[in-house]
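Mind looking over this structure? Questions follow.
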2 protein chains.
Amino acid sequence: MLIKIDFEAETPIYAQVKNQIIEGIASGDLVEGESLPSVRQFAEDIGINMHTVNKAYLLLKKDGFVAVHKRKGVVVNKISSMHDPGFKKEISKNIRTVIAEAFCKGITEEEFIDNCKKVYLLYHKGHKNDA
Amino acid sequence: MLIKIDFEAETPIYAQVKNQIIEGIASGDLVEGESLPSVRQFAEDIGINMHTVNKAYLLLKKDGFVAVHKRKGVVVNKISSMHDPGFKKEISKNIRTVIAEAFCKGITEEEFIDNCKKVYLLYHKGHKNDA
DNA sequence: TATTTGTTCTATTAAATATAGAACAGATTA
DNA sequence: TAATCTGTTCTATATTTAATAGAACAAATA
């Protein structure tokens with residue numbers, strides 16, 4: 001699992017780490033039961049502070065993406081256990097904002113939907129053999 | 001144009017103002033040539049500081065959503081003048097992150113696409129008579 | 001027992017956010 | 001012309017967030 005941090009980006013480092021791990025899970029790069037690097041090792045690899053990695057791990061844990069074992073470290077959960085019915089409403093507001101900007105910027109419905117479908121296809125490919 | 005600020009939200013106030021104005025433009029609530037309230041009036045209406053409104057206006061201006069006239073104030077631009085080919089790439093990264101989380105949370109492709117289409121339909125309705 | 005894990009604690013620095021008040025130049029209106 | 005309203009700019013301050021740093025802890029395990 002390769003993490004790339006953009007230190008110039010407006011997105012905080014801990015959020016970049018969190019997002020890329022979620023994308024790793026969705027794309028199948030990270031599979032159920034797989035251990036993430038320890039906070040110290042990961043921090044050293046990326047060149048950031050241990051506490052910044054820990055903050056990302058904490059949020060991933062809070063949202064059900066990973067579980068923590070005292071010695072094995074942070075382990076990727078089963079995708080089915082991440083499912084959250086309440087999330088749909090939460091994401092709807094976000095989508096409305098994103099599409100409002102896209103609409104004004106001239107991105108057509110076809111272009112936008114096509115982009116979404118391609119991303120979903122990518123993630124589905126990574127989970128062909130899931131239970 | 002009604003603005004609703006959530007002071008408990010993690011999204012900064014200036015970003016909430018900016019986003020709701022963009023959604024207002026997309027939905028047709030705000031039309032080309034329409035003036036937004038002055039920074040002072042708007043701040044008083046919402047119950048926030050003048051400089052916070054000004055920050056939102058500045059960003060909207062930078063991204064081409066509005067133009068500034070010294071006396072008329074902040075005026076909504078023509079949508080066609082907001083179009084930006086480079087924005088498509090910019091939004092793609094965002095979409096990948098959003099869908100990664102949606103995928104893990106159990107939102108199906110159909111549900112997601114359906115939601116996007118409904119939003120686009122809403123925005124199209126507000127622009128039936130555009131040039 | 002020694003090591004590795006996440007976790008917790010205090011501390012500090014830097015940046016972002018939000019507020020406050022004053023003043024300015026340009027455009028418009030009375 | 002004089003007054004008014006516009007965004008803008010300036011200094012200032014307070015709060016929160018982000019990121020770093022180092023130390024220490026309990027739990028699990030080799």
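Every chain is numbered from 1 and lettered A, B, ... according to where its sequence line falls, protein lines coming before strand lines. Values reported hereafter were calculated over all heavy atoms of this structure, with side chains retained and with hydrogens, waters and symmetry mates removed.
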Are any of A:Lys72's side-chain N or O atoms less than 4.0 Å away from OP1 or OP2 of C:dG6?
-> no
Between P of D:dT29 and NE2 of A:His69, the distance in whole Å | 9 Å
Is the distance from OP1 or OP2 of D:dC5 to the nearest side-chain N or O of B:Ser38 less than 4.0 Å?
-> no
Taking atom C1' of C:dT28 as reference, at what distance in whole Å does atom CZ of B:Arg71 sit?
-> 4 Å
Is A:Val53 reachable from A:Ile5 through a run of hydrophobic residues whose side-chain heavy atoms are each under 4.5 Å from the next?
-> yes
What residue pairs, at least two apart or across chains, pass ring pair (Phe, Tyr, Trp, His ring centres under 6.0 Å) with a residue in residues 9-32 of chain A?
-> none
Should we count CG of A:Asp6 as having more than 12 external heavy atoms under 6.0 Å?
-> yes
A:Glu111 and B:Lys88 ion-paired at < 4.0 Å | yes
Within 45° of the six-membered ring axis of B:Phe65 and under 6.0 Å from that ring's centre, is NZ or CZ of A:Lys105 located there?
-> yes
So does A:Lys61 get a side-chain nitrogen or oxygen closer than 4.0 Å to the phosphate oxygens (OP1/OP2) of C:dG6?
-> no
Assess the side chains of B:Asp45 and B:Gln41: does a donor N or O sit below 3.5 Å from an acceptor N or O?
-> yes
Can you sort out which residues in residues 6-13 of chain A have a heavy atom within less than 4.0 Å of DNA chain D? Ascending by number, please.
-> A:Pro12, A:Ile13
Just one of B:Ile48, B:Thr52, B:Ile22 clears the side chain to side chain contact (heavy atoms under 4.5 Å, CB included) bar with B:Val17, so which one?
-> B:Ile48
Donor-acceptor pair between B:Ser92 and A:Asn115 side chains, under 3.5 angstrom = yes
Between C:dT7 atom P and A:Lys62 atom NZ, what is the distance in whole Å?
-> 14 Å
Heavy atom of residues 39-60 of chain A under 4.0 Å from DNA chain D: which residues?
-> A:Arg40, A:Ile48, A:Asn49, A:Met50, A:His51, A:Thr52, A:Lys55
